[in-house]
Amino acid sequence: MIVRAHGKLNLSLDVLGKSPDGYHDLRMVMQSVEFGDDLDVELREDGQFSIDPGRWYLPSDGRNLALRAAVLFLEGTGLGASIRVNKRTPVCAGMGGGSSDAAAVLRALNQLTGAHKSAQELRDMGLKLGSDVPFCVTGGTALAEGRGQLLTPAAPLPDCAIVICKPAFAISTPELFGRVDARRSRLRPDTPGILEALERGDVPGVARRMYNVFEDVLGRRRGEITAIKSQLTALGALGAVMTGSGSSVFGIFTDEDAAQAAQAALSRHYQDCFLTRPSRALEV
Ligand code: C5P
């Protein structure tokens with residue numbers, strides 16, 4: 001079975017505090033996009049597990065989140081799985097590539113085995129793998145709170161063009177959380193304003209309010225992120241922001257031609273530069 005692992009973007013990301021378990025209390029508006037990986041998932045009667053991760057530098061053992069998702073789902077059934085990933089989503093990009101692959105494996109195995117688990121059961125399973133996996137089970141547009149697993153569906157982002165651009169460097173997620181902790185006062189995203197703009201179907205209103213608190217603690221890497229954001233807005237984006245813990249930045253366009261031109265322009269300097277659209281929540 002071939003399944004799409006949709007990329008995820010953060011329309012906003014706020015860190016509210018730190019929990020005693022070491023995780024952070026987050027408030028994020030998440031959006032899935034058409035762009036993503038394709039996974040070929042097959043059941044194995046012999047109980048063995050294997051994965052072709054699609055990139056030489058990605059693990060094909062127990063460190064691979066998609067493989068771990070298969071082991072978790074099939075625990076106690078005697079069945080195994082082989083997975084082949086057609087990898088497109090850049091790694092360490094803040095686009096939930098690994099989380100979305102894991103969620104796609106859970107969806108595929110739910111169908112292939114006829115287990116008929118609910119979306120919530122798959123999300124609960126997904127949380128054992130990572131904080132972004134529960135959102136990726138069905139994607140769409142959602143408010144994510146807690147570790148990222150407390151999901152409230154939001155009004156879908158109306159169709160628009162999205163240009164994503166990833167600079168060559170990667171950013172460590174735990175390091176950014178540590179820097180946010182050390183910061184006393186900071187700007188915060190207008191999360192209710194984004195949710196209201198989504199309700200109205202107001203794409204410019206959403207784009208204008210996009211904000212990610214991690215951008216304020218990037219240190220020396222901030223310059224390149226800011227430069228990409230400025231290029232995107234100069235080329236017609238209604239707003240641009242970094243997604244997750246970066247390093248990808250995306251801009252939202254209502255003018256398709258401008259979005260195409262922006263992708264072409266940024267592609268001259270950046271290898272990972274994609275033009276995509278929002279995707280709607282999936283059925284499980
Ligand atoms: O859950 P996941 O394994 O994706 O998280 C990766 C890292 O991000 C965690 O080890 C933690 O440092 C940080 N994190 C956090 N609070 C969250 C989600 C992730 O501190 N809500």
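When a residue number appears, it is its place in the shown sequence, counting from 1. In listed order, ligands and their atoms are each counted from 1.
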Inset, instruction - State whether Asp37 and Arg88 are salt-bridged, where the test is any N-O pair (Lys NZ or Arg NE/NH1/NH2 against Asp/Glu carboxylate O) under 4.0 Å. - result: no

Legend entry - Side-chain donor-acceptor pair present, Arg147, Ser19, cut-off under 3.5 Å: no

Legend entry - Pairing residues for Ala70 by the side-chain contact (heavy atoms from CB on, under 4.5 Å) criterion, not counting sequence neighbours: Phe49, Ala81, Ile83, Val105, Leu109

For ligand 1, what N or O to protein N or O distances fall under 3.5 Å?
unit_1   : atom_1 : unit_2 : atom_2 : d
ligand 1 : 1 (O)  : Ser131 : N      : 2.9
ligand 1 : 1 (O)  : Ser131 : OG     : 2.5
ligand 1 : 1 (O)  : Arg147 : NH2    : 3.3
ligand 1 : 16 (N) : His24  : N      : 2.8
ligand 1 : 20 (O) : His24  : N      : 3.4
ligand 1 : 20 (O) : His24  : ND1    : 2.7
ligand 1 : 21 (N) : His24  : O      : 2.9
ligand 1 : 21 (N) : Arg147 : O      : 3.1

Legend entry - Minimum side-chain heavy-atom gap Ser99-Leu129 below 4.5 Å: no

Inset, instruction - Give me the ring orientation class for Phe177 and Phe214: parallel if the planes are under 30° apart, tilted from 30 to 60°, perpendicular past 60°. - result: perpendicular

Inset, instruction - State whether Arg222 and Asp216 are salt-bridged, where the test is any N-O pair (Lys NZ or Arg NE/NH1/NH2 against Asp/Glu carboxylate O) under 4.0 Å. - result: yes

